[in-house]
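Have a look at the structure below, then the notes.
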Amino acid sequence: MRSVSYVERVALDFSGNLFTQAICLGDTDNDGLNELVVGDTNGKLYVYKSDDCKPWITRSCIGMVTCVGVGDICNKGKNFVVAVGAEGWFHIFDLSGISTKSDTSSHHDFLFGDEQKAFFTQHIPANTKVMLISDIDGDGKCEMVVGYTDRVVRAFRWEDSSIDSSGQLVLLKKWLLEGQVDSLTVNPGPDGTPELMVSQPGCGYAVLLCTWRLDQERAPKRDPSGTSNSEGLIRDVILHQTSGRIHNKNVSTHLIGSINRGSCDDSSKSGLFALCTLDGMYACKDGRNSPCLVYVSFNHKIYVYWRVELERMESTNILKVLETDEFRYLLQGTSVDASNSSAVQAMLHQTLYFPDQLEATATKRINSTNYAKLELSDQP
């Protein structure tokens, strides 16, 4: 039996409720070390650094935070912290250059009230469920993909203003799916280009095609709010069904790809969760990123395990087992000739995949032998 040993951990203070997508790991201040970002249902954003149990940075958002992320959303060559609320409020926070000293961080919220405001705020369609920041069309620039509770997925891109130094999110495309959006991920396609995938209930998934130019020709006008004519229902969706046995549409599906957003113990139901897990890289000790497991419990604690050791178990090769004297000894108790490879193969196949038939065959053989002995004993 294999067991997991959680050797080292740290407990972070957290008193709130969160959605499963409102927690992530990433380099928020661009120092090369990852931090933990958590958003709660009261609109608070917490950033934890190293093994300090108190939040390093606290920020305020509008409405319930349903999704958080870290990435170069503005394509400026550095990471930003992104938070999206259920009401549709989108926030960008720039945490670069903030002091990490303990005396400053402990009173940061009181000394720098103006810096608590978001770097940028915009309203996009409400009822967000999942979010992904990645290059989804292979142009070297990041886009933001948002999945909604109404089976819709939208892709946005940051565009700088030609008038001043500001900018805004611009809608690129909208997809309408047949089932609920459970998770988003980007994986290399057959030709090596990024492929945007969304999981569907019942062990299904869909590949979303990024055809920006075709959409621009059909609907050239855009509205930054994401509610204009550019949202033509152009369904560039390729549906796939996995070969799994569970095809129940009431069972949610989560894709595990190049971007892992975590999971929950009961993610098939909608609503709030207080028991979530997340895995990734976190700089908890020794000034370097290490693989870790983040666990949000019911007792207002976030546990970060940064040393998870798994006992090593050597793999067994069945071909080497067949060559041992022990296996040949076991074959002596059967009617199979050990030198006949075809007979041995047939016996193993029946034993592994049809054990009931093997037992019935053995019982029939025993009964036939006993009947033959009975006939011989009845002869004069």
Side-chain angles (χ1 to χ4, degrees), residues 10 12-14 16 18-19 21-40 42-85 89-122 131-134 141-144 156 158 160 165-169 259 261-262 278 280-285 287-290 292 294 302 304 306:
V10 62
L12 310 178
D13 296 335
F14 176 76
L18 74 154
F19 286 83
Q21 298 294 316
I23 180 172
C24 75
L25 293 163
D27 184 8
T28 62
D29 56 356
N30 298 279
D31 64 348
L33 303 177
N34 286 356
E35 289 79 34
L36 175 66
V37 183
V38 182
D40 67 9
N42 294 322
K44 286 292 185 180
L45 189 70
Y46 305 91
V47 181
Y48 297 87
K49 196 176 186 67
S50 186
D51 59 348
D52 191 355
C53 62
K54 301 295 183 180
W56 168 56
I57 293 294
T58 303
R59 293 291 183 263
S60 297
C61 303
I62 303 175
M64 295 187 299
V65 178
T66 57
C67 305
V68 297
V70 178
D72 188 7
I73 182 66
C74 299
N75 294 299
K76 302 292 185 181
K78 66 176 183 178
N79 287 339
F80 296 87
V81 178
V82 177
V84 184
W89 288 104
F90 165 80
H91 308 80
I92 299 179
F93 296 94
D94 186 2
L95 304 184
S96 300
I98 297 179
S99 175
T100 58
K101 295 181 179 180
S102 59
D103 57 343
T104 303
S105 61
S106 60
H107 303 285
H108 194 274
D109 296 338
F110 301 98
L111 296 178
F112 304 98
D114 293 339
E115 293 186 5
Q116 293 190 51
K117 298 180 180 179
F119 165 74
F120 176 80
T121 300
Q122 180 178 334
M131 180 184 67
L132 173 67
I133 301 174
S134 181
K141 297 182 179 180
C142 287
E143 289 80 28
M144 183 181 75
F156 300 87
W158 177 268
D160 292 322
S165 59
S166 63
Q168 62 181 351
L169 284 180
I259 297 180
R261 295 288 295 121
L278 173 71
M281 303 295 289
Y282 183 64
C284 192
K285 287 286 189 180
R288 61 184 179 87
N289 291 325
S290 302
C292 72
V294 182
I302 299 177
V304 181
W306 71 90

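Source: prediction; values computed, not measured.
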Considering non-hydrogen atoms only, spot the tightest contact between [X] and [Y] and give its length.
X    : Y    : answer
T121 : H91  : OG1-CD2, 3.7 Å
C61  : A83  : SG-CB, 3.9 Å
F19  : V65  : CD1-O, 3.6 Å
W158 : D160 : NE1-OD1, 2.9 Å
N34  : M281 : ND2-O, 3.0 Å
V68  : G39  : CG1-N, 4.2 Å

Inset, instruction - With sequence neighbours left out, write down each residue that passes side-chain hydrogen bond (donor to acceptor under 3.5 Å, both in side chains) with E35, or none if nothing qualifies. - result: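 Once residues adjacent in sequence are excluded, the partners of E35 under the side-chain hydrogen bond (donor to acceptor under 3.5 Å, both in side chains) criterion are T28, K49.
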Which residues satisfy the side-chain hydrogen bond (donor to acceptor under 3.5 Å, both in side chains) test with S96, sequence neighbours excluded?
->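 Applying side-chain hydrogen bond (donor to acceptor under 3.5 Å, both in side chains) to S96 gives N30, D94.
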Going by heavy atoms in the side chains, are [X] and [Y] under 4.5 Å from each other?
X    : Y    : answer
S290 : R288 : yes
F80  : V70  : no
V37  : L45  : yes
L25  : L278 : yes
N75  : C142 : yes
V294 : I302 : yes
W56  : D29  : yes

Given 3.5 Å as the limit, does a donor-acceptor pair link the side chain of [X] with the main chain of [Y], or not?
X    : Y   : answer
N289 : G32 : yes
D52  : P55 : no
N42  : K44 : no
N79  : D27 : yes
T66  : V84 : yes

Considering residues at least two apart in sequence or located in another chain, which fulfil the side chain to side chain contact (heavy atoms under 4.5 Å, CB included) criterion with D13?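 Listed in chain order: C53, K54, K301.
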Working to the nearest 0.5 angstrom, can you tell me the gap between [X] [atom1] and [Y] [atom2]?
X    : Y   : atom1 : atom2 : result
F119 : I73 : CZ    : CD1   : 11.5 Å
L95  : D31 : CG    : CG    : 10.5 Å
M131 : C24 : CE    : SG    : 7.0 Å

| task | Applying ring-ring contact (aromatic ring centres under 6.0 Å, His included), name anything that partners F14, two or more places apart in sequence or on another chain. | result |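 Only Y46 meet the ring-ring contact (aromatic ring centres under 6.0 Å, His included) criterion with F14.
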Next on the checklist: Using the ring-ring contact (aromatic ring centres under 6.0 Å, His included) criterion, which residues pair with Y282? Sequence neighbours excluded.
Outcome noted: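 Partners of Y282 by the ring-ring contact (aromatic ring centres under 6.0 Å, His included) criterion come out as none, since no residue qualifies.
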| field | Residues in salt bridge (charged side-chain N to carboxylate O under 4.0 Å, His left out) contact with D51, at least two apart in sequence or another chain | value |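 So D51 forms a salt bridge (charged side-chain N to carboxylate O under 4.0 Å, His left out) with K285.
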